[in-house]
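This is a predicted model, so every value here is computed, not measured.
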Amino acid sequence: MKKLMLGNEAFARGLYEAGCRIVSSYPGTPSTEITEEVAKYDEVYAEWAPNEKVAMETALGASIAGARSFCGMKHVGLNVAADPLYTASYTGVNGGMVIAVADDQGMHSSQNEQDSRHHAIASKVPMLEPSDSGEVKEFVKTAFELSEQFDAPFIVRMSTRVAHSQSSVELVDRNEPELKPYEKNPQKYVMMPAFAKSRHVFVEERTKKLIEFAETSSLNRTEISDKAEFGVITNGAAYQYVKEALGEKASVLKLGIVNPLPVKLIQDFAAKYEKIYVIEELDGIIEQHCRNIGVTNIQGKEIFGCIGELSQSIIAEKLLGITKESASLDENIPVRPPVMCPGCPHRGLFYCLSKNNITVSGDIGCYTLGAAAPLFAVDTTICMGASISGLHGFNKARGAESEHKTVAVIGDSTFMHSGITGLVNIAYNNSNSTVIILDNSITGMTGHQQNPTTGKNLKGDPAAAVNLEELCKAVGIKRVRVVDPYHLAETEAAIKEELAADEASVIISRRPCALLKYVKHNAPVAVDTDKCVGCKNCMKLGCPAISMKNGKAVIDHTQCVGCGICQEQCKIGAIK
């Protein structure tokens with residue numbers, strides 16, 4: 001049976017059909033749906049882990065126990081999981097282990113544009129890269145087989161386009177391999193120096209075998225055109241762009257194994273043509289490999305660059321000089337930047353911070369939008385958990401001048417991911433710092449996934465819930481208080497009081513995300529135009545439900561959820 005599937009959905013189907021037993025991941029766009037989809041198969045145990053490092057260690061433990069296992073993450077998540085990844089390359093596997101990393105070319109939802117092939121090369125872990133949903137499913141199944149054949153975890157590299165585009169997938173029944181026996185083997189799994197040295201030798205020998213395999217594997221294929229004017233070496237989503245833009249004008253070497261790369265296969269293909277173009281997104285990894293093995297009749301990054309996504313139009317224009325016409329609208333569509341939703345619990349908190357000109361060390365989540373107009377409330381955003389550690393360093397560097405006017409903000413899920421250790425550092429090293437945990441009772445940015453504070457697991461079943469107040473006290477923070485960010489006066493008073501204190505403190509800004517299905521909203525509010533003086537004080541909140549018309553404030557009742565923040569903000573009582 002065939003079915004049209006998203007790449008991430010096809011990945012999950014591949015895990016199911018391959019007999020994967022254990023799945024542990026942390027949500028991150030564009031990889032999130034893989035784990036959400038595989039959780040729908042009752043034969044597979046699936047969970048959200050607190051972070052990617054824990055997820056990879058869980059998957060490795062399951063592999064050592066003899067089960068086929070999987071962990072998924074986005075590109076920056078692989079940085080978090082790098083520690084176990086590099087050592088898992090040495091230990092190898094028992095049951096097959098597959099890792100998904102989804103790169104975000106174009107930075108649609110990420111803070112950097114990282115090429116994860118570098119991690120595969122540095123860790124000496126083999127990496128496959130499919131170019132459509134059908135290949136995704138088959139590559140996943142093959143990755144499990146190769147993982148067990150070569151005694152190595154295998155990375156399958158996704159991209160935003162492959163993860164979120166649809167193509168046809170052939171569905172077959174699940175293969176249920178037996179749990180492999182576990183045998184005590186410290187020389188393989190205990191990576192202290194004496195044992196790790198011999199495993200490094202194994203890794204280098206394995207790489208040689210993988211290169212030999214890549215020379216003849218069907219995962220790499222050559223598509224020769226009798227009308228070809230030149231050759232193209234490509235991979236992943238770029239392959240689809242090449243085929244559509246160039247058609248029969250180019251012969252193509254499509255690389256499905258992107259680490260390690262073959263040698264003779266590339267040399268033989270390049271020898272057929274006077275001119276070879278290497279077309280790959282982000283860094284010139286294939287291009288540099290070609291030069292390293294003596295292939296010099298190539299061009300790549302000097303034409304296409306290393307920033308952002310490629311497309312059919314870009315390739316056609318660069319190589320054929322063809323500028324494809326595109327449809328355009330007569331009217332200009334106004335730009336719609338991302339904004340916090342009407343009723344977002346973070347809005348009131350950020351308004352108070354902005355109003356009092358407080359420096360804010362920010363973090364990764366939908367609350368990063370507090371940096372946007374009109375609030376302009378966030379000063380820095382680096383990576384998951386960096387807000388708390390960064391605040392500590394900032395205050396230690398600047399002393400009293402910053403301690404009483406600088407805070408860190410971090411979401412509940414991000415705090416569980418990597419914020420706890422930063423708070424431990426503040427308590428342990430006697431840092432006079434104020435941390436605000438934005439507890440909206442969900443992992444909001446990636447689409448409402450559960451986390452260790454919500455009391456539910458991935459499947460929505462009851463689970464242990466971390467008590468944030470008790471946790472903060474347990475690590476040594478004595479001043480811990482909870483506020484409702486819908487109440488501006490209460491929130492502002494708490495911020496001022498905790499900043500004035502001469503010891504570390506935590507404020508938990510607690511109110512569920514306005515988009516959660518169980519949240520019941522109040523009736524929309526409205527503006528009394530007779531009373532409104534057009535002061536635009538309500539506009540300072542940045543709520544998308546509020547606008548100005550004919551010099552008066554207007555509230556869109558289809559968007560308003562009756563949170564009441566604008567009522568409190570309006571000092572003349574024009575909002576009712």
*Test side chain to side chain contact (heavy atoms under 4.5 Å, CB included) applied to S389 and L391, step by step*: CA-CA 5 Å; S389 307; L391 172 68; over 6 Å; no
Atom [atom1] of [X] with >12 non-hydrogen neighbours under 6.0 angstrom:
X: K549; atom1: NZ; value: no
X: F376; atom1: CZ; value: yes
X: D461; atom1: CG; value: yes
X: N112; atom1: CG; value: yes
X: I307; atom1: CD1; value: no
X: N430; atom1: CG; value: no
X: H118; atom1: NE2; value: yes
X: K405; atom1: NZ; value: no

_If I compare all heavy atoms of S402 with all of N395, which pair ends up nearest, and what's the gap?_
OG-OD1, 2.7 Å
*Between F70 and F154, is the ring centre distance below 6.0 Å?*
no
Check: [X]/[Y] side-chain N/O donor and acceptor closer than 3.5 Å:
X: S413; Y: Y26; answer: yes
X: N51; Y: S418; answer: no
X: N457; Y: E47; answer: no
X: S505; Y: T434; answer: yes
X: T29; Y: S109; answer: no
X: S159; Y: D103; answer: no

*From CA spacing to verdict: side chain to side chain contact (heavy atoms under 4.5 Å, CB included), F11, L6*: CA-CA 9 Å; F11 202 119; L6 289 171; over 6 Å; no
*Among E129, H119, H75, the one residue meeting side chain to side chain donor-acceptor pair (under 3.5 Å) with R157*: E129
_Does this structure show an ion pair linking K473 with E469, if we count only N-O contacts that are shorter than 4.0 Å?_
no
*Can R481 and E497 be counted as an ion pair, charged N to O under 4.0 angstrom?*
yes
*asked:* Do L471 and F415 have side chains that approach each other closer than 4.5 Å (heavy atoms only, starting at C-beta)?
replied: yes
